[in-house]
Number of protein chains: 2
Amino acid sequence: MTTKDPRAAGLARLAALAADETRAACLLALLDGRAWTAGELARHAGVAASTLSEHLGKLVTGGLLAEERQGRHRYVRLADARVAQLVEDLAAQVAPGAAERPRTLRQAGAGSAMARGRTCYDHLAGRLGIAVTDAFTARGLLLQETGFALTDAGLRWFGAAGIGLDRRGRRPLARACLDWTERRPHLAGVAGAALCRHALETGWCVRIGSERAVKVTEAGERALSELLGIDAEALR
Amino acid sequence: MTTKDPRAAGLARLAALAADETRAACLLALLDGRAWTAGELARHAGVAASTLSEHLGKLVTGGLLAEERQGRHRYVRLADARVAQLVEDLAAQVAPGAAERPRTLRQAGAGSAMARGRTCYDHLAGRLGIAVTDAFTARGLLLQETGFALTDAGLRWFGAAGIGLDRRGRRPLARACLDWTERRPHLAGVAGAALCRHALETGWCVRIGSERAVKVTEAGERALSELLGIDAEALR
DNA sequence: CGGACGCTTCGGCCCTCACCGAAGCGTCCG
DNA sequence: CGGACGCTTCGGTGAGGGCCGAAGCGTCCG
């Protein structure tokens, strides 16, 4: 076993992609699930466009990002849900060590909007995500004590609400994602993504500005109250 | 947002720990859940003892490893189940790209023993792990279709088998771990760990040599057949 | 059609870090 | 007590890689 281990080489190569602060900042930014242009990411990370271009090359070649060229823009996004989960897991491992507090008032405002509700790749997070997850659990739609899975009643709930669940593919139907503001697991996976998509499509939630923060509308409050018994106060 | 993001810095620092091939080899080796001495790891990775000593320093400081000094030996192991899961997840992400085939006959032999059954940190993996997980699922003890969680019947099964489950702490009771030889999820988490510990303590399984491979004993075949209806042939 | 814009390539700079061997320290054992 | 052994510290070396600005290329728009 003294010979080179291909698994170790692969692991090191993968980890190296996230082992640079600029690339890490890109990955975290892309956790909002949307596509960013190279320029946006360069400004976000605070480096020259040329530098960021090289970073994107590595991330795309490494399979972490998917790219899409449109005109003079280069859009990138996380390659798939698997990558998103990996980045989430790494970020969650980091969080316990680095408790963060916002500095300026503006950041505090943005921070609290993010803490109220946001998207985490393709599902809901923040207090909103927690409230939904807790409501699912309290109503017997979701098991959390013995793992993380939808119950039969949970499956029926999605059917009754008219939210389709794509059960092809190997992505788990329900999976826990650790929330970095709440430090608690919330609903991710196919079910979490479907719920988030439905919430944005039907107007239960709207995105705030160009950030990943989301806000529950009045219609959303009514729907969440009726379907899941969520008190609007819990979302404030 | 052009200022430095502490979360990105933390993520990069964490990833950098795994971004070196020698350290990656150590992390993978330690996935067997046992404690290795610095010398063993140095020989395994094929570097000088002095080099490996520095790597261990970084991994311990970074919180990935826990160390224990005994006489002139320095034993290290993965810090906790959280770290183990992270390494597993990273390794699983790598596996699809690098299909590996054993080179020599000896490696083939060791490889097939590993494929039959092994430990993955603190739970069972390989065909053995898959067989157990499938048996749990088939008997309604474990949900896999809608997530990954023990059912009430599953909880009762552990009670009836006299296998205690420590439900304090935040570690999930049941969780999926992707097997890199079988490419399928198997039972990990508190339940997976308890089952593996029980199997080794009662002699259902024994470790083969000093490797992480395990072998099912005759008593183990009887027990697995009686308690879970597992056909001994499925373990070959 | 020409200028603004977004991205990429290239050359060069500098810092980081993995590696080794030699030397030193503590532990174990004959 | 002395030698073997395991680990660590230190100095030196070399490769890798992140960064920038300048220059080039394609796209968009007035």
Side-chain angles (χ1 to χ4, degrees), chain A residues 2-5 8-30 35-62 64-77 210, chain B residues 2-5 8-30 35-62 64-77 210:
Chain A
T2 314
T3 61
K4 281 214 178 182
D5 179 354
L11 174 50
R13 221 176 310 126
L14 172 62
L17 291 176
D20 172 81
E21 186 168 346
T22 299
R23 285 196 295 268
C26 293
L27 292 174
L28 289 176
L30 289 165
W36 292 50
T37 68
E40 286 169 344
L41 285 173
R43 282 185 295 276
H44 174 77
V47 297
S50 60
T51 300
L52 201 109
S53 178
E54 291 173 2
H55 285 308
L56 288 189
K58 293 185 185 183
L59 290 171
V60 170
T61 302
L64 294 193
L65 301 189
E67 66 180 351
E68 211 164 323
R69 312 249 178 177
Q70 278 183 21
R72 55 183 167 181
H73 293 279
R74 178 193 203 177
Y75 285 94
V76 292
R77 53 186 166 73
S210 64
Chain B
T2 315
T3 62
K4 282 214 177 181
D5 181 354
L11 173 51
R13 220 176 308 126
L14 173 61
L17 291 175
D20 173 79
E21 185 167 346
T22 299
R23 285 196 296 268
C26 292
L27 292 173
L28 289 175
L30 290 164
W36 292 51
T37 68
E40 286 169 344
L41 286 173
R43 282 186 295 276
H44 174 78
V47 298
S50 60
T51 301
L52 201 110
S53 179
E54 292 172 2
H55 285 308
L56 289 189
K58 293 184 186 184
L59 290 171
V60 170
T61 302
L64 294 193
L65 301 189
E67 68 181 350
E68 210 164 324
R69 312 247 176 179
Q70 277 182 23
R72 55 183 168 181
H73 292 281
R74 178 194 203 177
Y75 285 95
V76 292
R77 52 186 165 73
S210 63

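By convention in this document, chain letters (A, B, ...) are assigned in the order of the sequence lines, proteins followed by strands, and residues within each chain are numbered from 1.
- Put simply, CG on L65(B) is 14 Å from P on dC7(D), counting in whole angstrom units.
- Of the listed nucleotides (dC7(C), dC19(D), dA18(C)), dA18(C) has the atom at the smallest distance from the side chain of R23(B).
- For the pair H55(B) NE2 and dC19(C) C1', the computed distance is 8 Å after rounding to whole Å.
- The two atoms that bring H55(B) and D20(B) nearest to each other are CE1-OD2, 3.5 Å, heavy atoms only.
- Nearest heavy atoms, T22(B) versus A45(B): CG2-CB, 3.9 Å.
- Checking side-chain atoms of E54(B) against main-chain N and O of T51(B) turns up no donor-acceptor pair under 3.5 Å.
- Here the closest non-hydrogen pair linking L41(A) and A29(A) is CD2-CB, 4.2 Å.
- R77(B) is linked by a side chain to side chain donor-acceptor pair (under 3.5 Å) to nothing, counting only residues two or more places apart in sequence or in another chain.
- An OP1 or OP2 oxygen of dG6(D) is reached within less than 4.0 angstrom by no side-chain nitrogen or oxygen of T37(B).
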Short N/O separations, protein against nucleotides 25-30 of chain D, under 3.5 angstrom:
from	atom 1	to	atom 2	distance (Å)
dT27(D)	O2	R72(A)	NH1	3.3

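- The main-chain N or O of A49(A) is never found under 3.5 Å from a side-chain atom of R43(A) such that the two would form a donor-acceptor pair.
- Whole-Å rounding puts the L41(A) CG to dT8(C) C1' distance at 16 Å.
- Mapping H73(B) and T51(A) onto DNA chain D via the closest heavy atom, the residue that lands nearer the 5' end is H73(B).
- Every residue two or more places apart in sequence or in another chain that forms a side-chain contact (heavy atoms from CB on, under 4.5 Å) with S50(A) is listed here: A48(A).
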Inset, instruction - Carefully, step by step, assess L27(B) and L65(B) under the rule side-chain contact (heavy atoms from CB on, under 4.5 Å). - result: CA-CA 9 Å; L27(B) 292 173; L65(B) 301 189; 4.2 Å; yes

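- For the pair K58(A) and dG17(D), the criterion of a side-chain N or O lying under 4.0 Å from OP1 or OP2 is not met.
- Closest approach to the R74(A) side chain among dG18(D), dT8(C), dC20(D) is made by dT8(C) (side chain taken as heavy atoms from C-beta onward).
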Could you list all N or O pairs between the protein and nucleotides 10-16 of chain D that sit under 3.5 Å apart?
from	atom 1	to	atom 2	distance (Å)
dC10(D)	N4	E54(B)	OE2	3.4

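- The side-chain contact (heavy atoms from CB on, under 4.5 Å) search around E67(B) returns V60(B), R69(B), R74(B), V76(B), not counting sequence neighbours.
- To the nearest angstrom, C1' of dG21(D) lies 16 Å from CG of L52(A).
- Whole-Å rounding puts the L56(A) CG to dC7(C) P distance at 9 Å.
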Inset, instruction - Using a 3.5 Å limit on both pairing distances, list the dot-bracket string of DNA chain D from the 5' end; Watson-Crick and G-U wobble pairs count, crossing pairs take [ ], interstrand pairs take |. - result: ||||||||||||||||||||||||||||||

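- Atom CZ of R13(B) is separated from atom C1' of dC17(C) by 16 Å (rounded to the nearest Å).
- Considering only side-chain atoms of A48(B), the nucleotide from dC20(C), dT8(D), dC7(C) that sits closest is dC20(C).
- One interatomic measurement links the two molecules: CD of E40(A) to C1' of dC7(C), which rounds to 14 Å at whole-angstrom precision.
- Counting to the nearest Å, the P atom of dG6(D) and the CH2 atom of W36(B) are 16 Å from each other.
- Taking every heavy atom of both residues into account, A18(A) and A24(A) meet most closely at O-CB, 3.9 Å.
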Inset, instruction - Given side-chain contact (heavy atoms from CB on, under 4.5 Å), test L14(B) with L64(B) step by step and report yes or no. - result: CA-CA 9 Å; L14(B) 173 61; L64(B) 294 193; 3.9 Å; yes

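- No side-chain donor-acceptor contact under 3.5 Å links R23(B) to the backbone of L52(B).
- Checking dC19(D), dA18(C), dT8(C) against the side-chain heavy atoms of D20(B) singles out dA18(C) as nearest.
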